[in-house]
Amino acid sequence: MAAPAQPKKIVAPTVSQINAEFVTQLACKYWAPHIKKKSPFDIKVIEDIYEKEIVKSSQYLENYLWMNYSPEVSSKAYLMSICCMVNEKFRENVPAWETFKKKPDHFPFFFKCILKAALAETDGEFSLHEQTVLLLFLDHCFNSLEVDLIRSQVQQLISLPMWMGLQPARLELELKKTPKLRKFWNLIKKNDEKMDPAAREQAYQERRFLSQLIQKFICVLKSVPLSEPVTMDKVHYCERFIELMIDLEALLPTRRWFNTILDDSHLLVHCYLSNLVHREEDGHLFSQLLDMLKFYTGFEINDQTGNALTENEMTTIHYDRITSLQVIEMHESCFCTFPELYDFALSNVAEVDTRGSLVKLFGPLSSNTLHQVASYLCLLPTLPKTEDTTFDKEFLLELLVSRHERRISQIQQLNQMPLYPTEKIIWDENIVPTEYYSGEGCLALPKLNLQFLTLHDYLLRNFNLFRLESTYEIRQDIEDSVSRMKPWQSEYGGVVFGGWARMAQPIVAFTVVEVAKPNIGENWPTRVRADVTINLNVRDHIKDEWEGLRKHDVCFLITVRPTKPYGTKFDRRRPFIEQVGLVYVRGCEIQGMLDDKGRVIEDGPEPRPNLRGESRTFRVFLDPNQYQQDMTNTIQNGAEDVYETFNIIMRRKPKENNFKAVLETIRNLMNTDCVVPAWLHDIILGYGDPSSAHYSKMPNQIATLDFNDTFLSIEHLKTSFPGHNVKVTVDDPALQIPPFRITFPVRSGKGKKRKDVDGEDEDSEEAKTLIVEPHVIPNRGPYPYNQPKRNTIQFTHTQIEAIRAGMQPGLTMVVGPPGTGKTDVAVQIISNIYHNFPEQRTLIVTHSNQALNQLFEKIMALDIDERHLLRLGHGEEELETEKDFSRYGRVNYVLARRIELLEEVKRLQKSLGVPGDASYTCETAGYFFLYQVMSRWEEYISKVKNKGNTSPDVTEVSTFFPFHEYFANAPQPIFKGRSYEEDMEIAEGCFRHIKKIFTQLEEFRASELLRSGLDRSKYLLVKEAKIIAMTCTHAALKRHDLVKLGFKYDNILMEEAAQILEIETFIPLLLQNPQDGFSRLKRWIMIGDHHQLPPVIKNMAFQKYSNMEQSLFTRFVRIGVPTVDLDAQGRARASLCNLYNWRYKKLGNLPHVQLLPEFSTANAGLLYDFQLINVEDFQGVGESEPNPYFYQNLGEAEYVVALFMYMCLLGYPADKISILTTYNGQKHLIRDIINRRCGNNPLIGRPNKVTTVDRFQGQQNDYILLSLVRTRAVGHLRDVRRLVVAMSRARLGLYIFARVSLFQNCFELTPAFSQLTARPLHLHIIPTEPFPTCRKNGERPSHEVQVIKNMPQMANFVYNMYMHLIQTTHHYHQTLLQLPPAMVEEGEEVQSQETEMETEEEGMPTQADIPCLTDASVSHELLASQPEATPGETEATPGQTETTPGQTQATLVGQGLVPVQKPPPLSLRSLLLQQAPRLCPRRLAPSKMPHLPQRPNSQCQPFLGRTFHL
């Protein structure tokens, strides 16, 4: 079979070609920011650009279009240009309204022009395609109600006066339903009468806009033919219009009055009867959108009040509609009018409310009769007796039937939905678009915006999106695994597999073994089980993976029927399904593997039995809902039995395979009464006062708080509350030491404060007065470990405000820019809550295990008893401590601690001379404390306490003390004898130490009664632990188990809140059952930074179209929830901070950033602490794209590695340098170049990390080398959040390699790139300056500065520098060999090192074996040797450690997948003095140094590395 023709290679445009482009020339003439003398505004420019093209990345909108807009110059092209640019900004996910907010004067006129254009005739000035653009613009406006400028215009279209568009009878009916609306309606009419005619006419047009737009749409829809060709402009217009209707219905502010207008227009009836619905291909997306619109029009909510309707209330509404129709028929005057409906009027509701019954009832009626019935119901205007109806009978019949038919409830629909995706959903581009979604068209997907209708709506949208995002990942896995198995058609028509896959196996046998009976009231089985047999004739480690499948792991059963003959090559560019012949996909859940006797092997501590042979059978659970649907289809329609066809089973990686558990958690939440705290409910839905949950407005605000060790001194406290009067309860400065209790003035959160007679606040002074009470922590005992751990951080005043807010009840949101101490604030809040409210329990939730471990390690450093700490989920093993804080680790700790404490009891018993065995159990120890210890202590107190007026004797405290012998091992003397009070406090401290022993034993008593580790761990979780930590994923997976256990908590603290998915943020609120119908949650602290990267969403459609990447933290910020913005960073130099602090309200620097030597000292060998280095095309090529979205830039990659080598040669520690890039392709290219150049060279080594900006979020390093890759378009760096992350990773030095002409012209990046371009765009180095240097940052260097103009020059320079260093080292070694006899010892050391190196030398390559830096032949040889990468393999998967074809051991080492011992950081001096003999022995010439180049020449190109990663 002939190989498919290769597509023609597309050559990337050069910089000169880009500069010659039409729009680029105009930008450079009229609006580019780097052009100082711009030409004056010319209206013809707008006309030309709109006719030819609308640009994407230039500043056309900001610096030209809107800046010059006015009513005088407004035109069609002008309006359309602005709309196109705004739509494009929304598509690119960049801020769109900032420009309009800066110049809002002409926006009302502009918006009115848009409304007029949207209603224009399609065959007039505005084409249907242009009006589709206008619809999209309007949709963006309706979804941007948080912007004051937009809201002021939009609310005129969607307020109560829009009911002018209703027919009079319907308007009267609606006003009767809600009497108070009639008062508002009369008031509106009075105000209209006062308006002048022109203003009144304008107001009427705005109120009727949506009604007229609906009528226009219906005209367009009716013009679509059934089978004749139709222009796609009409189809796209209809799709965008339905999208607009869905968005209006899905927001309560827009839905409240609009839903009645939509119902009165009967839009759904017109759509379902239209020809477009019946066009299979063109109307598929339209039909899906229509189903979404139908769902929202009938949503279970009261439109006026916004209250969710229960199932009973929805049933009542349905019954009222049916009975109102029956009442019409029963009316005396109607017997004659509709005699055919007499039987209907006397029937019960359940008999007549199905579609079939209603069609049978209304079908025989004439069109006029149907019209009259509809008019009685106020659905249509009254039909005059002498006229016939103008409506089709089909329309009238559908109108009445669809309005009165019984609807299945949303919960029932959800419960009947299969959780596993099938082939129909997985490859439906309208529901699960491909990875390369451009954002041009609309999709049948829910959107996550600012507001939701109800909690049910909130959960349902997140449920659907999470399910579809998981489906996208499943599709990738299926395509990868099945294509690797190479299914071909055999000679006899069957299936033969020509390949193999690690994650998939052919099925030998499949049998359904159990179908359990349904529960009462359900029509699907309670359980369906099947046996799957496979043959594991594979490598041992892969066999172990298959046998290691655990209970609840999800697999997929696949049926393929290939039509391609044996040996056909698989082409990833062609559609997947038709190539492999995929027919069915069904999900299943593992119950376990069967043993030789057919029994399920249970998971447990016992070792698994060794099974003979290679055949293995797994018992799996099938989805009961899906099984019921498939069997119904087989029986009723005669379809094929799906469960007799499976021939492949596919497993997935455990970390990516938890979607079913999360979906079940969400579905369970929707089936229960979600009790969200009353103070949070409206804010979560996006309504009401966004500050209502702030502690200042909470009714249970706490006046006095103990800040424990938060403050370091009284001066620290005073500076932490600027603008407040601090009154200390003690005057003696010696006593004004921490810890402090602070009493705050508590003000009511409701209403404004009353004014006194003078017009001033009656309590203005009191409101700013803080009463501070120093107090002493009671003595805890005489041992050093009894002393409490203390905080050492001097918090800023904003950090103190965050800590104060976190201690108070309510919602606290802390925005923490990079380096501002978010984790330290979180830990202090947790510590303070722990000490202030010891009976409360706190739940800590983070996005990643890494962040959770960092948080936990800092918590352990504070004064928190470790028996109250518990860490749930995997990742605990990564804690840098010997202590185990997992559930079973805590059980072991309790058991070990119990034994230690009982030993202490035994020692105490012996010291008191009490006979018996008091230390046998916790119970006996308790009796010993009660009868022996307490009695002695009470007797002691009675002797030493002050009696009457006699002064107490200080010696008595020590004399009568009964526990001297027990405390003999404490530092002596225990009692100082200086004062009675001091010694008495010491004595009480000793007793507290003893009492704590018995208190802990009483708590541990349960571990004696509970025998199994599982029961003990459950007890610890539910009763003992006060601080419980887990990831958001673990919370979502284990919610059911936690609720079942009776897990309780009072406070939640979330770190990395801006990186957590909306639904994964919400689920931790509901990990406990309500208490008396109310949630016991008191505090919710969210700490994050919405200016950095959001949650990772792999599918671009869900990320952009559905806004799934929006975290709950970000949404709260958008709706105006008050935040505490940390405003002082201590990570980076002040100059580096300036590159990103413009993004924050007020971000300054902590004092140590200016004072510490590491920040004030310059970067050795480099003139600037940050620099943007321009990289032009290398050999005519800039960016390349070997696979879609797999961008590489060879010139930048070589330049970055050359600078890294240069820094290491100067003496920079390699682990203090990280290399970042914005694309995976460039990451793999840089890793390959490092492996080739310097990876195994101890003189240079490897950087700390080579990774992407996205992966490096939350991490930092001293020096960052950043490659921006792109040369044709800005790409996803246009997202300012990614720019902020990229600019904020470096502490001391940032060096960026990019195409300056491209990035400096991007409006969103201007604040950073204006600073970067202010410095020279060529690399300035100081090669003779040693590391570290004494030069201050910003000082003129005493050494010569060299300017590097391009990458080849840098490569040559690094080569020469390296060779010079080697020769110098070699010369120094020769000198050491000629030392006088007095230095024999050092000579012997040299000789031994020389002998060792000679031994190593034997295995070293010769010069001929070493690839040259510029050896083009080696480059092409390496490229040719690499197998072709597949689209599914271009991303490196975390945790994947197997070596795939094309990967070397060095590659795996470079990716951190194979451990390698890195050499210690070496400076130039230490290399010369310590490592010279080892690096360059007598027989080792410079040319034999491994992996280092010869001198480059101009004819050769640098090593290309591989172009993609397998």
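Everything numeric in this text was worked out from a predicted model, so none of it was measured. Residue numbers run from 1 in the order of the sequence given.
We find that R1299 and E1183 are not joined by a salt bridge, their nearest charged nitrogen and carboxylate oxygen being 4.0 Å or further apart. At a threshold of 4.0 Å, the pair K89-E92 does not count as salt-bridged, since none of the basic side-chain nitrogens sits closer than that to a carboxylate oxygen. With salt bridges taken as basic N to acidic carboxylate O contacts below 4.0 Å, none links D1089 and K822.
Legend: residues meeting side chain to side chain donor-acceptor pair (under 3.5 Å) with S1267, ordered by chain and number and at least two apart, are E1196, Q1226. Not a single side chain to side chain donor-acceptor pair (under 3.5 Å) links T1251 to another residue, sequence neighbours left out. Q1260 meets the side chain to side chain donor-acceptor pair (under 3.5 Å) test with R1131; sequence neighbours excluded. Evaluation of the side chain to side chain donor-acceptor pair (under 3.5 Å) rule for S848 yields E1056 as partners, not counting sequence neighbours. Checked against side chain to side chain contact (heavy atoms under 4.5 Å, CB included), Q1103 has the following partners two or more places apart in sequence or in another chain: I1097, M1100, E1109.
Closest of all the heavy-atom pairs between L1172 and T1317 is CD2-CG2, 4.0 Å. The two residues V1153 and A1134 come nearest to each other via the heavy atoms CG1-N, 3.7 Å. In this structure, L1203 and M1354 approach most closely via the heavy-atom pair CA-CE, 3.9 Å. In terms of heavy atoms, V1253 sits closest to T1222 at CG2-CG2, 4.1 Å. Between M1205 and C1238, the closest heavy-atom pair is CG-SG, 3.9 Å. What you find for R1335 and T1333 is that their closest heavy atoms are N-OG1, 3.1 Å.
Counting heavy atoms from C-beta on, the side chains of P1094 and Q1059 never come closer than 4.5 Å. Using a 4.5 Å heavy-atom threshold, the side chains of T1252 and L1220 count as separate. Using a 4.5 Å heavy-atom cutoff, the side chains of P1352 and Y1199 are not in contact. In this structure, E1329 and H1343 have side chains that are in contact, with non-hydrogen atoms separated by less than 4.5 Å. V1345 is not listed as a side-chain neighbour of I1325, based on a closest heavy-atom distance of 4.5 Å or more. Looking at heavy atoms from C-beta onward, L1150 lies out of side-chain contact with Q1129 at the 4.5 angstrom threshold. In this structure, the side chains of F1204 and R1237 stay at 4.5 Å or more apart for every pair of heavy atoms. For the pair E1158 and R1291, the minimum side-chain heavy-atom distance is below 4.5 Å.
With rounding to the nearest 0.5 Å, the separation of CD in E1308 from CZ in R1281 is 12.0 Å. Put simply, CZ on F1256 and OG on S1288 are 10.0 Å apart, with the number rounded to the nearest 0.5 Å. Taken from CZ in R1231 to CD1 in I1219, the straight-line distance is 10.5 Å, to the nearest 0.5 Å. Distance CG/L1139 to CD1/I1296: 6.5 Å, rounded to 0.5 Å. Rounding to the nearest 0.5 Å places CG of L1229 at 12.5 Å from NZ of K1227. The CG atom of L1210 sits 7.5 Å away from atom CG of L1166, with the distance rounded to the nearest 0.5 Å.
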Go through it in stages, so that I can follow the logic: the residues are V1280 and H1091, the test is side-chain contact (heavy atoms from CB on, under 4.5 Å), and I'd like the CA-CA distance, side-chain angles, deciding distance and then a yes or no. CA-CA 8 Å; V1280 181; H1091 293 303; over 6 Å; no
### Message
Let's go through M1287 and L1136 carefully: what are the C-alpha distance in whole Å and the side-chain angles of both, what is the deciding distance for side-chain contact (heavy atoms from CB on, under 4.5 Å) to 0.1 Å, and is it a yes or a no?
### Response
CA-CA 8 Å; M1287 297 293 118; L1136 295 180; over 6 Å; no
task = Run the numbers on T1369 and L1243 for side-chain contact (heavy atoms from CB on, under 4.5 Å), then give the verdict.
result = CA-CA 11 Å; T1369 308; L1243 197 61; over 6 Å; no
Does V1274 form a side-chain contact (heavy atoms from CB on, under 4.5 Å) with L1268? I'd like the steps, not just the answer.
CA-CA 9 Å; V1274 174; L1268 301 186; over 6 Å; no
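Using a distance-only test at 3.5 Å, with no hydrogens or angles considered, a donor-acceptor pair links the side chain of Y1206 to the main chain of G1165. Not a single donor-acceptor pair under 3.5 Å links the side chain of Q1304 to the backbone N or O of T1310. Under a 3.5 Å cut-off, the side chain of H1090 and the backbone N or O of G1088 do not form any donor-acceptor pair. Without hydrogens or angle criteria, N1350 side chain to Q1353 main chain gives a donor-acceptor distance under 3.5 Å. Listed for the R1319 side chain is no donor-acceptor partner under 3.5 Å among the backbone atoms of Q1315. Side chain of N1261 to backbone of D1215: a donor-acceptor contact under 3.5 angstrom is found. No donor-acceptor pair under 3.5 Å is formed between the side chain of K1216 and the backbone N or O of D1262.
Under the 3.5 Å distance criterion, with hydrogens and angles disregarded, no donor-acceptor pair is assigned to the side chains of R1133 and N1149. There is a side-chain donor-acceptor pair under 3.5 Å between N1174 and E1176. Side-chain contact check for D1169 and N1337: at least one donor-acceptor pair (N or O, by modelled atom type) lies under 3.5 Å.
Residue pairs meeting the ring-ring contact (aromatic ring centres under 6.0 Å, His included) criterion with at least one partner in residues 1259-1290, sequence neighbours excluded, are Y1212-Y1263, Y1223-H1276.
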